[in-house]
Amino acid sequence: MISMSGTVTEKIINEHVVEGEIAPGEEVALKIDQTLTQDATGTMAYLQFEAIGILRVKTELSVSYVDHNTLQTDFKNPDDHRYLQSVAKRYGLYFSRPGNGICHQLHLERFARPGKTLIGSDSHTPTAGGIGSFAIGAGGLDVAVSMAGMPYRIKYPKIVGVKLTGELPDWVSAKDVILEVLRRIDVKGGVGKVLECFGPGIKTLSVPERATITNMGTETGATTSIFPSDEVTKAFLEAQERGDHWVPLEADADAEYDEVIELNLSELEPLAALPHSPGKVKPVREIAGMDVQQVAIGSCTNSSLRDLKIAANILKGHTVADNLHLTINPGSRQVVEHLIESGEMQYLVASGARILENTCGPCIGMGAAPPSHAVSIRTFNRNFEGRSGTKDAQMFLVSPEVAAATAIKGVLTDPRDLGDYPKIEMPRQFIINDNMFIRTLPPEESAKMEIQRGPNIKPLPGFPSLPDTLEGEVLIKVEDNITTDHIMPAGAKILPLRSNIPEISRYVFEAIDPEFPARALEKGGGYIIGGENYGQGSSREHAALAPKYLGVKAVIVKSFARIHLANLINFGIVPLTFKDSSDYESLEMGDKLEVAIGKLRDDVKLRNLTKGNEIELTHSLSQLDAEILKTGGKLPWVKAKIGKE
Ligand code: MIC
Ligand code: SF4
């Protein structure tokens with residue numbers, strides 16, 4: 001039992017801290033117990049892990065999942081899968097074969113443990129917070145470094161208590177809880193914070209419902225989100241035949257939160273996030289009635305057995321409206337096996353729903369793009385412009401209840417209009433079938449395994465150490481809330497290039513300014529200027545690595561999103577912020593700038609050679625970050641450090 005006093009967050013951090021001062025804003029290094037990767041970030045993470053030169057992962061458990069890209073339109077994608085499988089065998093990881101399910105759903109079902117730390121090369125890793133794991137999304141290189149046994153550094157977060165009281169009414173579900181949190185604190189209200197749920201309402205929520213909330217806590221910018229581990233957690237783990245993984249873990253009665261958000265579940269109603277931000281939330285009833293061309297159920301937010309059972313029972317006996325398509329991506333094979341066993345799969349199939357693979361699918365633009373100007377109603381967690389694969393589509397994020405009701409009515413529907421809420425029965429025992437996981441091999445055997453690489457898997461580019469003065473032009477100037485989907489898009493065309501940096505870099509800022517890559521190369525690199533919350537969204541390190549490859553030297557913005565900031569440091573791009581954010585206005589594309597970064601200990605000055613003025617810049621870099629940056633990035637730094645050990 002974890003015994004130290006305080007909040008759940010404090011207890012886990014205190015148990016895992018290996019360096020640093022325990023005070024908000026200070027950097028602490030945490031021992032990492034588990035890691036996860038998915039295929040789209042995994043190939044790069046393992047190329048980096050190989051480059052570090054460790055013989056076997058040093059964590060308690062590391063799992064490599066394949067769930068993002070399984071289209072296999074040509075050799076590139078299956079080559080990546082083969083590479084990932086061979087790496088898992090070679091270095092002592094579990095491997096989850098394509099089709100097994102979405103990494104976060106699978107990890108919750110089979111591996112996540114209360115009280116443990118987990119980092120994953122995917123921003124929705126906090127899904128495991130639903131079971132009481134301290135689970136953080138990070139760039140692939142940070143995951144590689146953790147697999148090599150080094151601690152992971154975070155800024156000690158502020159701990160926000162989300163006090164849940166009451167009980168969800170019929171037709172309202174966990175998605176509405178997190179949408180309400182987003183309505184209140186928006187897409188950067190969680191930056192530098194952990195959202196920790198507590199209060200009498202939590203016992204009314206099952207582990208997968210809790211995981212829906214912690215999953216989408218990511219959209220607030222939070223470091224992670226977490227629930228306690230209680231009797232509900234115990235029952236879930238027992239039903240997964242993992243009762244021995246349970247430990248009790250609750251905040252003490254006198255635990256103090258830095259802030260408290262009070263939320264009465266009984267007062268919630270069905271909500272929707274409007275285009276193009278998860279933080280633009282309104283009650284469904286205010287926008288109900290609009291024509292809809294696509295409904296998509298699935299993603300790591302809402303693809304659990306509970307969610308698909310609800311959808312199946314709403315769709316039972318109905319036909320999907322003829323003005324729209326309904327796609328369903330179950331979260332895992334366990335979910336599918338249950339739906340088949342209970343007969344509920346038949347309700348989905350009979351309704352005309354298109355049952356897709358157990359993968360991320362349309363959530364990351366892997367097929368099922370909506371038609372032009374379409375309204376797409378999704379149970380997903382992100383609705384950034386263009387993410388669906390159709391630039392002018394309007395995406396709304398809702399609960400499975402709203403999605404299923406809309407699918408049968410053909411217009412956006414408040415599900416309360418349907419009458420009686422279906423009663424669903426959850427199994428006491430889950431069907432356990434781990435045959436799509438390939439287990440770790442013992443060291444003697446794994447040492448003999450060969451890594452299999454395809455021609456699209458290109459060597460990692462290397463970067464030199466940074467000079468004391470950065471010179472170059474403003475290559476692009478962008479607005480607030482630029483997402484990593486803007487910087488380095490995903491989708492069916494671009495995802496297969498994740499292990500080929502020279503190729504993928506040709507798509508940087510594709511939707512905003514397709515000339516950017518050519519211009520950056522022609523000018524010999526330069527600067528990106530941005531607004532607030534630059535780099536929100538995914539953990540993809542390609543959003544730093546590809547700009548670095550094109551010569552980007554520094555990104556100067558009003559504020560950064562957490563994971564992207566770390567990725568910039570990892571790849572030797574200097575992240576700077578305006579001391580006075582109104583200085584953003586004075587910079588223009590083409591301005592020639594000079595920034596003396598020195599040792600990056602203090603604030604720095606930017607000289608605008610074109611305009612003949614100076615601007616004060618600042619940064620949040622620790623001494624270690626500065627050292628890593630100056631070395632040219634984390635990989636050379638880690639190699640040097642491990643070499644010395
Ligand atoms: C996403 O939801 O944006 C992704 C795709 O899962 C990313 C990871 C990636 O880009 O590979 C994430 O959330 O980190
Ligand atoms: Fe996959 Fe979508 Fe979840 Fe990202 S948000 S892990 S793309 S399901």
Side-chain angles (χ1 to χ4, degrees), residues 36-45 64-71 77 80 84 96 98 101-108 119-128 135-140 142-143 175 178 211-212 214-219 221 224 278 296-304 307 327-332 356-368 378-384 386-389 395 397 483-492 494-499 504 507 535-546 561-564 566-567:
L36 71 78
T37 57
Q38 40 87 346
D39 50 301
T41 52
T43 32
M44 195 46 69
S64 171
Y65 294 92
V66 176
D67 56 359
H68 277 60
N69 186 4
T70 55
L71 284 189
N77 184 214
D80 278 356
L84 291 169
S96 171
I102 303 174
C103 58
H104 307 304
Q105 172 70 22
L106 287 168
H107 207 77
L108 190 75
I119 78 163
S121 60
D122 191 281
S123 65
H124 290 105
T125 303
T127 314
I136 308 176
D142 282 319
V143 177
K175 182 63 155 283
I178 190 61
T212 294
T214 58
N215 169 285
M216 211 174 163
T218 296
E219 271 53 64
T224 188
I297 298 179
S299 92
C300 54
T301 319
N302 278 125
S303 60
S304 69
D307 289 338
T327 61
I328 298 184
N329 287 79
S332 70
L356 306 181
E357 253 190 306
N358 312 326
T359 57
C360 303
C363 177
I364 191 57
M366 298 308 288
R378 318 181 134 207
T379 66
F380 307 166
N381 49 35
R382 289 189 175 140
N383 57 350
F384 304 142
R387 184 175 160 101
S388 64
M395 292 180 280
L397 308 174
T483 72
T484 53
D485 280 296
H486 290 112
I487 306 168
M488 186 73 265
I494 304 177
L495 270 192
L497 304 174
R498 286 280 179 101
S499 37
I504 206 170
Y507 298 95
Q536 72 160 319
S538 96
S539 68
R540 67 190 69 145
E541 57 194 353
H542 302 74
L545 190 43
R562 178 186 66 88
I563 308 179
H564 188 60
N567 285 337

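Atoms within a ligand are numbered from 1 in the order they appear, just like the ligands themselves.
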Student: Do His486 and Thr483 pair up side chain to side chain, a donor and an acceptor below 3.5 Å, judged on atom types alone?
Tutor: yes
Student: For ligand 1, indicate whether the residue Gln38 contacts it via side chain, backbone, both or neither (heavy-atom separation under 4.0 Å).
Tutor: side chain
Student: Suppose we only count N/O/S atoms under 2.8 Å; would Cys300 qualify as near atom 3 (Fe) of ligand 2?
Tutor: yes
Student: So is Arg387 close enough to ligand 2, meaning a heavy atom under 4.0 angstrom away?
Tutor: yes
Student: Considering the heavy atoms of Arg498, write down every atom of ligand 1 situated less than 4.0 Å from one of them.
Tutor: 9 (C), 10 (O), 11 (O)
Student: Should you measure from each heavy atom of Arg382, which atoms of ligand 1 turn up under 4.0 Å away?
Tutor: 1 (C), 2 (O), 3 (O), 12 (C), 13 (O)
Student: To the closest 0.5 Å, what do you measure between OG1 (Thr37) and CG (Asp67)?
Tutor: 9.0 Å
Student: I need the atoms of ligand 1 closer than 4.0 Å to a non-hydrogen atom of Ser539, numbered in the order shown.
Tutor: 12 (C), 14 (O)
Student: Considering heavy atoms of the protein only, find what lies nearest to atom 2 (Fe) of ligand 2 and give residue, atom and distance to 0.1 Å.
Tutor: Cys363 SG, 2.3 Å
Student: For a quick test of reading the model, state the closest non-hydrogen atom pair linking Tyr65 to His107 and the distance between them.
Tutor: OH-ND1, 2.7 Å
Student: Within ligand 1, which atoms have a heavy atom of Ala40 less than 4.0 Å away?
Tutor: 11 (O)
Student: Which ligand 1 atoms, with their elements, are less than 4.0 angstrom from a heavy-atom of Thr41?
Tutor: 9 (C), 11 (O)
Student: Determine whether Ile364 and Arg387 make a side-chain contact, defined as any pair of heavy atoms from C-beta on separated by less than 4.5 Å.
Tutor: yes
Student: So is Arg382 close enough to ligand 2, meaning a heavy atom under 4.0 angstrom away?
Tutor: no
Student: Distance under 4.0 Å to a non-hydrogen atom of Asp122: what atoms of ligand 2 satisfy this?
Tutor: 6 (S)
Student: Mind checking whether Ile102 and Leu106 have side chains closer than 4.5 Å, heavy atoms only?
Tutor: no
Student: Record the part of Asp122 in heavy-atom contact with ligand 1 below 4.0 Å; permitted values are side chain, backbone, both and neither.
Tutor: both
Student: Given His68, His124, Arg387, Met488, which has its nearest heavy atom closest to atom 2 (O) of ligand 1?
Tutor: Arg387
Student: Just which atoms of ligand 1 are under 4.0 Å from any heavy atom in Ile364?
Tutor: 5 (C)
